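The structure displayed is predicted, hence computed values, not measured ones. Here is the naming used below: chain letters follow the sequence lines, and residue numbers restart at 1 for every chain.
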2 protein chains.
Amino acid sequence: MNTPSAVLTRADGTPVRVLVVDDEPDLAEVVTGALRYEGWDVRAAASADAAVREARAFRPDAVVLDIMLPDRDGLSVLRDLRAEQPHVCVLFLTARDAVEDRITGITAGGDDYVTKPFSLGELVARLRGLLRRAGMTRERATDSLLVVGDLELDEDAHEVTRGGDLIDLSPTEFQLLRCLMRHARQVLSKTQLLDLVWSYDFGGGAHVVELYISYLRKKIDSGRAPMIHTVRGAGYVLKPAPQ
Amino acid sequence: MNTPSAVLTRADGTPVRVLVVDDEPDLAEVVTGALRYEGWDVRAAASADAAVREARAFRPDAVVLDIMLPDRDGLSVLRDLRAEQPHVCVLFLTARDAVEDRITGITAGGDDYVTKPFSLGELVARLRGLLRRAGMTRERATDSLLVVGDLELDEDAHEVTRGGDLIDLSPTEFQLLRCLMRHARQVLSKTQLLDLVWSYDFGGGAHVVELYISYLRKKIDSGRAPMIHTVRGAGYVLKPAPQ
DNA sequence: GCGACCTCTGAGCCGGCTCTGAGCCGCACC
DNA sequence: GGTGCGGCTCAGAGCCGGCTCAGAGGTCGC
């Protein structure tokens, strides 16, 4: 789905390395798959000890780390990781109701976290942001900007403009648009959008996607040449409006 | 039946390898036949355990996997397959009403699924898409574009143009044209088209094919040199119009 | 505790798509 | 030239996919 040029790479041109640490096999599988699909080099570990061992051998650029592990606390794993690789980026996975004060200290150090249940698109975007800000990749700071035609989306500032006009979007609308923009000129099925934008435990059907597409159209396309197109029986595409 | 140049091959030039996993012998037979017709190297397995065993020996590039297997769940099979071959592509087969649960998130990982009853052309197209995007073949990313004369069909964007003019097609028209273009300069019988474009449980006769050919002609050939030709008693061919 | 916003469900509507049937045309073989 | 078959096209019925609206429930901030 990504064109090769869009793959985030390290300074030396090899794919970014990510270690996924989670003890739930299904979740680990889905996350691993999504990151691999980004073109990254991914390995998985199911416990804290395995994570430390794997990190030593694999030397990842980033670690996706579940805070609730069977054997040890995530924060102690962080200390172990940092002891050997001070510059590794860490993205924590945490339950919503879990204490946030422990985490807030972390984010000050440049790391980030997402709360369960999360969406895969969000996870990938956060990870990309971490890596980019850590200067670990070939992308420049300005590459937080997605551009399709006269439509611009700034992933860092969470800002969207069309033809220079600022457009206010809700969180879900923003994620949906980001997803469409990252795959511009390419039909995405409702299921794909559901899998990327909505959290993995979402029980509902693809109807929500239609609904949010209609919201987006109102905010982005209304009164202008449409950019969001329906492909009946297939899904939706975002394309620059022809002049 | 394909011209050799059209056969999708791995990087080393050997045919793509596909493992078909389904416990219904009839369906497995049909699918296996269709994939062999593409020039691919196909093997079959009738259970999850057999699939994992076969995959170990056969080392397929892609797996067509029925989600409803007698012995095990589809997602757990996926895990087992990925554990040994992290980059194998998986196309799930699933009943229409059984979608939604159990396989959420898989399209975000680059895998895909088709719902029963499906058409063989659809199955093949999805599989080709998976393999192409996984970079497992000689084709480049740009090869989502089919070109015959001044007629172009972009499988990713679901876009068709003739002489630069955008042509709007319904889902069935699109599939039919894709099928004709993939077998350009080659007579396809109405039965073949029926088998490829319509789902395998379609009850009607070949008359629909005539009907849809006439729709296509109106949209593609009208006012220009015709590209779709009738071969009386044999079927239809798509050829570049002579200048 | 209240209000604003966001998210999702359900229902209804509309349009277009798909397929059936019938009639017509023309080629081909008597 | 007649007849029959294969193919083409039109018209219409039914259905399905997608869009929108209205409203319930939840969350967050004040």
Confirm from the modelled atom types if A/His207 and C/dG10 form a donor-acceptor pair under 3.5 Å, side chain to base only. yes

Using a heavy-atom cut-off of under 4.0 Å over every strand shown, decide if A/Ile213 touches base, sugar-phosphate, or nothing. nothing

Taking the side chain of A/Lys218 as its heavy atoms from C-beta onward, which of C/dC17, D/dG7, D/dC21 lies nearest to it? D/dC21

Return no unless some side-chain N or O of A/Arg217 is found under 4.0 Å from OP1 or OP2 of D/dC19. yes

Does a side-chain N or O from B/Trp198 land closer than 4.0 Å to OP1 or OP2 of C/dC19, or not? yes

Distance check needed: C/dG16 P versus B/Leu211 CG, whole Å only. 18 Å

Are OP1 or OP2 of D/dG18 and a side-chain N or O of A/Ser214 less than 4.0 angstrom apart? no

Please determine whether a side-chain nitrogen or oxygen atom of B/Thr172 lies at a distance below 4.0 Å from atom OP1 or OP2 of C/dT18. yes

Is the distance from OP1 or OP2 of D/dG7 to the nearest side-chain N or O of B/Thr230 less than 4.0 Å? no

Send over the distance from B/Tyr215 OH to C/dC17 P, rounded to a whole Å. 10 Å

B/Arg232 side chain: which of C/dT7, D/dG6, D/dG17 is closest? D/dG6

Cut-off 3.5 Å, side chains only: do A/Thr32 and B/Arg79 have a donor facing an acceptor? no

Would you say B/Lys190 places a side-chain N or O within less than 4.0 Å of OP1 or OP2 belonging to D/dG6? no

Return the 5'-most residue of the pair A/Glu210, B/Ala234 with respect to DNA chain D, ranking by each residue's nearest nucleotide. B/Ala234

